[in-house]
There are 2 protein chains.
Amino acid sequence: MPKSSPATGSTRLRADDWVERGLALLMTEGLGAIKISRLCRDLGVTKGSFYWHFSDVDSLMGAIAERWCTRTREELSRLHKVQGLPPLERIRLMGLRLVDEPSEHVERALREWAVHDSDVAAVLRETEQFIFEVVHDALVELGYDEEAARLRAGLLVYAGIGFAYGQQALPKPTAKDINDLVGFIAGDVAR
Amino acid sequence: MPKSSPATGSTRLRADDWVERGLALLMTEGLGAIKISRLCRDLGVTKGSFYWHFSDVDSLMGAIAERWCTRTREELSRLHKVQGLPPLERIRLMGLRLVDEPSEHVERALREWAVHDSDVAAVLRETEQFIFEVVHDALVELGYDEEAARLRAGLLVYAGIGFAYGQQALPKPTAKDINDLVGFIAGDVAR
DNA sequence: ACCTGAACACCGTTCAAGT
DNA sequence: ACCTGAACACCGTTCAAGT
């Protein structure tokens with residue numbers, strides 16, 4: 001089993017090492033930190049090395065995005081297992097996922113990114129669609145009609161996206177707020 | 001009364017001309033289009049000219065942001081005049097403002113921007129806070145208690161921010177959706 | 001197969017010199 | 001007061017040459 005860290009084993013790099021370091025930079029310092037000169041310094045090689053692995057900087061970006069997309073999909077499929085839980089609980093879990101985003105930096109950067117990269121845009125859409133559907137279906141199961149479920153699920157997902165961008169004029173919502181929110185979204189039956 | 005266009009009158013530029021052109025570029029082609037070499041080409045001068053008016057590119061950015069902020073504040077104060085309208089109508093107007101953003105490009109760019117520029121962040125906060133308060137107060141006027149009003153107003157504002165960023169996995173909301181939404185947010189009394 | 005080193009284009013920044 | 005022109009640093013990109 002090959003190691004991905006350049007520190008262990010061979011001194012040569014694989015494309016993987018660049019992607020990994022790039023994703024790490026994206027999460028800690030944001031999109032602006034991904035410079036190939038910076039990556040070279042971090043990885044201890046010269047620029048020529050980079051251009052052996054990638055055709056240009058956009059290609060690296062694409063690879064980083066792809067890796068993030070894969071991980072996000074895995075996370076979503078893990079979330080799929082919540083289908084056994086009661087509907088209100090499912091809604092609550094989706095709400096929490098929207099808020100306590102651990103890698104907030106990535107989410108923001110990828111949204112900027114999605115403007116220019118259709119692959120990234122596709123995975124973001126997939127994620128939003130997934131969450132929307134879980135909430136929507138849970139609401140239908142609770143007895144809401146199609147239109148009511150659509151409106152409420154849409155509102156929740158959009159609000160979730162907004163959380164990631166809000167300038168906390170309004171305080172960042174807490175876990176309690178999420179509970180209240182679920183109570184409101186599915187309130188007619190929850191109370 | 002001095003003209004701001006370099007085409008009329010003198011051939012010399014004022015700082016204003018750079019800001020105006022920069023804001024135009026921001027709206028039409030996004031943040032990435034603001035290069036000082038590009039601006040020089042558009043305005044028909046050399047880079048030295050730019051550096052007579054501004055200390056660096058960040059300073060231009062700041063000036064562009066400031067101008068946008070001024071315009072946004074004016075727009076908000078115009079919106080203040082809706083205070084005479086019935087509460088539900090006020091909520092509906094705020095909802096519409098959040099959606100039919102004509103200069104969507106600017107809003108997105110400025111949010112990126114706000115991460116690094118606290119002035120821009122401040123005006124974004126102001127805007128969000130303003131809309132939040134209008135909705136909140138309208139809800140209180142409709143008979144909601146403090147906590148219910150806070151939750152609902154917050155949800156609406158965050159959803160509005162989310163609209164600007166959603167990858168339309170879910171369809172962009174229409175004016176009718178906004179009406180339905182208002183019916184939901186203030187539903188207990190509206191129906 | 002993976003990397004160095006030197007080259008080049010492009011962009012931000014500076015500054016002496018021009019009107 | 002406003003601008004030119006030439007210079008320099010920095011970054012992305014290319015490529016011949018090395019192991």
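In what follows, every chain begins at residue 1, and chains take the letters A, B, ... in the order their sequences are listed.
- By the side chain to side chain contact (heavy atoms under 4.5 Å, CB included) test, B:L155 pairs with A:L155, A:A159, A:L181, A:F184, A:I185, B:I185, sequence neighbours left out.
- The span of DNA chain D lying next to chain A, judged by atoms under 4.0 Å from heavy atoms, is bounded 5' to 3' by D:dC11 to D:dC15.
- For residues 46-68 of chain B, the salt bridge (Lys or Arg N to Asp or Glu O under 4.0 Å) pairs, not counting sequence neighbours, are B:D16-B:R67, B:E20-B:R67.
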Please, what dot-bracket string fits DNA chain D when only Watson-Crick and G-U pairs with both distances under 3.5 Å count, crossing ones use [ ] and pairs to another strand use |?
||.|||||...|||||.||
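- Judged as a salt bridge (charged side-chain N to carboxylate O under 4.0 Å, His left out), and not counting sequence neighbours, the contacts of A:E89 are A:R92.
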Please set out all donor-acceptor pairs under 3.5 angstrom arising from side-chain atoms of residues 36-44 of chain A, sequence neighbours excluded.
unit_1 : atom_1 : unit_2 : atom_2 : d
A:R38  : NE     : A:D42  : OD1    : 3.2
A:R38  : NE     : A:D42  : OD2    : 3.3
A:R38  : NH1    : A:E29  : OE1    : 3.3
A:R38  : NH2    : A:E29  : OE2    : 3.0
A:D42  : OD2    : A:R21  : NE     : 2.9
A:D42  : OD2    : A:R21  : NH2    : 2.8

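- In terms of the side-chain hydrogen bond (donor to acceptor under 3.5 Å, both in side chains) criterion, B:E147 has no residue partners (sequence neighbours excluded).
- Near DNA chain D, meaning a heavy atom under 4.0 Å from it, residues 47-57 of chain B has B:G48, B:S49, B:W52, B:H53 in order of number.
- Atom-to-atom distance recorded for B:I91:CD1 and B:N179:CG is 12.0 Å, nearest 0.5 angstrom.
- Not counting sequence neighbours, the partners of B:F130 by the ring pair (Phe, Tyr, Trp, His ring centres under 6.0 Å) test are B:H80.
- A search for side-chain hydrogen bond (donor to acceptor under 3.5 Å, both in side chains) contacts involving B:K81 returns nothing, not counting sequence neighbours.
- Listed by chain and residue number, nothing satisfies the salt bridge (charged side-chain N to carboxylate O under 4.0 Å, His left out) test with A:E74 (two or more places apart in sequence, or in another chain).
- When the nearest nucleotides of DNA chain D are assigned to A:I34 and B:W18 by heavy-atom distance, the more 5′-ward of the two goes with B:W18.
- The salt bridge (charged side-chain N to carboxylate O under 4.0 Å, His left out) search around A:E141 returns A:R90, not counting sequence neighbours.
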